[in-house]
Amino acid sequence: MSELGPEVIKIDEFSGHEDALGLDPARIAPGSPVPAQFVRNLYTDDTGRFFAGIWRSNQGAWHVSYTENELCVLTEGRVRISDEHGRSWTFGPGDCFVMPAGFRGLWEVLEPARKFYAIYEPQPAL
């Protein structure tokens with residue numbers, strides 16, 4: 001941080017660098033292709049508990065278990081998220097939703113997707 005204080009961080013596909021993500025094969029849903037996923041993390045706070053950027057993925061489905069709270073804004077594609085109780089939600093471009101800590105279920109990319117994300121990882125309970 002400079003003497004002027006923190007700067008505003010622009011989150012776009014031209015900033016920073018994009019990294020490939022590798023999903024644990026054990027998380028891939030039976031019969032699903034292994035999706036190619038990429039992340040462009042453009043901000044991490046000093047605590048390492050809050051971060052934001054852009055994620056993208058092609059088709060595939062995998063099991064999720066959230067310890068973090070994530071705000072998602074889907075900018076491309078379609079995704080379906082199903083929980084362990086059989087409920088499901090489908091989102092498309094322009095949809096904004098929160099994945100709360102404690103959510104467990106299946107994340108499916110139905111069409112190649114891209115999202116802006118902001119994630120907060122709470123302090124572990126003692």
Original post:
With a cutoff of under 4.5 Å between side-chain heavy atoms, which Ile, Leu, Val, Met, Phe, Trp and Tyr residues group with V8?
Top reply: none
Could you tell me the separation between the [atom1] atom of [X] and the [atom2] atom of [Y], rounded to the nearest 0.5 Å?
| X | Y | atom1 | atom2 | result |
| --- | --- | --- | --- | --- |
| W107 | W62 | CH2 | CH2 | 7.0 Å |
| L74 | W55 | CG | CH2 | 8.0 Å |
| S32 | L106 | OG | CG | 8.0 Å |
| M99 | L71 | CE | CG | 11.5 Å |

Can you name the closest pair of heavy atoms from [X] and [Y] and give their distance?
| X | Y | result |
| --- | --- | --- |
| Y66 | P100 | CB-O, 3.6 Å |
| C96 | V73 | SG-CG2, 3.8 Å |
| N41 | A52 | OD1-O, 3.4 Å |
| S82 | S88 | OG-CB, 3.4 Å |
| G92 | R78 | CA-NH1, 3.8 Å |

Original post:
Which pairs count as salt bridge (charged side-chain N to carboxylate O under 4.0 Å, His left out) when at least one residue sits in residues 84-108, sequence neighbours excluded?
Top reply: R80-E108, D83-R87, E84-R104
**OP:** Enumerate the residue pairs fulfilling salt bridge (charged side-chain N to carboxylate O under 4.0 Å, His left out) with a member in residues 35-44, sequence neighbours excluded, ordered by first and then second residue.
**Re:** none
Without swapping roles, check the side chain of [X] against the backbone of [Y] for a donor-acceptor pair under 3.5 Å.
| X | Y | answer |
| --- | --- | --- |
| N58 | A36 | yes |
| R49 | Y120 | no |
| T75 | R114 | yes |

Original post:
Got a sec, which residues hit side chain to side chain contact (heavy atoms under 4.5 Å, CB included) with I119, two or more places apart in sequence or on another chain?
Top reply: F51, E68, E70, Y117
Determine all donor-acceptor pairs shorter than 3.5 Å in which one atom belongs to a side chain in residues 17-30; sequence neighbours excluded.
residue : atom : partner : partner atom : Å
H17     : NE2  : D19     : OD1          : 3.4
H17     : NE2  : D19     : OD2          : 3.4
E18     : OE1  : R56     : NH2          : 2.8
E18     : OE2  : R56     : NE           : 2.8
D24     : OD1  : A26     : N            : 2.9
R27     : NE   : H63     : O            : 2.9
R27     : NH2  : H63     : O            : 3.1

**OP:** Please answer: with hydrophobic residues joined when any side-chain heavy atoms are less than 4.5 Å apart, are I11 and V39 in the same cluster?
**Re:** no
Original post:
Does any non-hydrogen side-chain atom of L42 lie less than 4.5 Å from one of S15?
Top reply: yes
Subject >> Contact check, side chains of P35 and Q59, non-hydrogen atoms, under 4.5 Å >> reply: no
Subject >> Pairs flagged by ring pair (Phe, Tyr, Trp, His ring centres under 6.0 Å) wherever residues 84-105 is involved - sequence neighbours left out >> reply: F91-F97
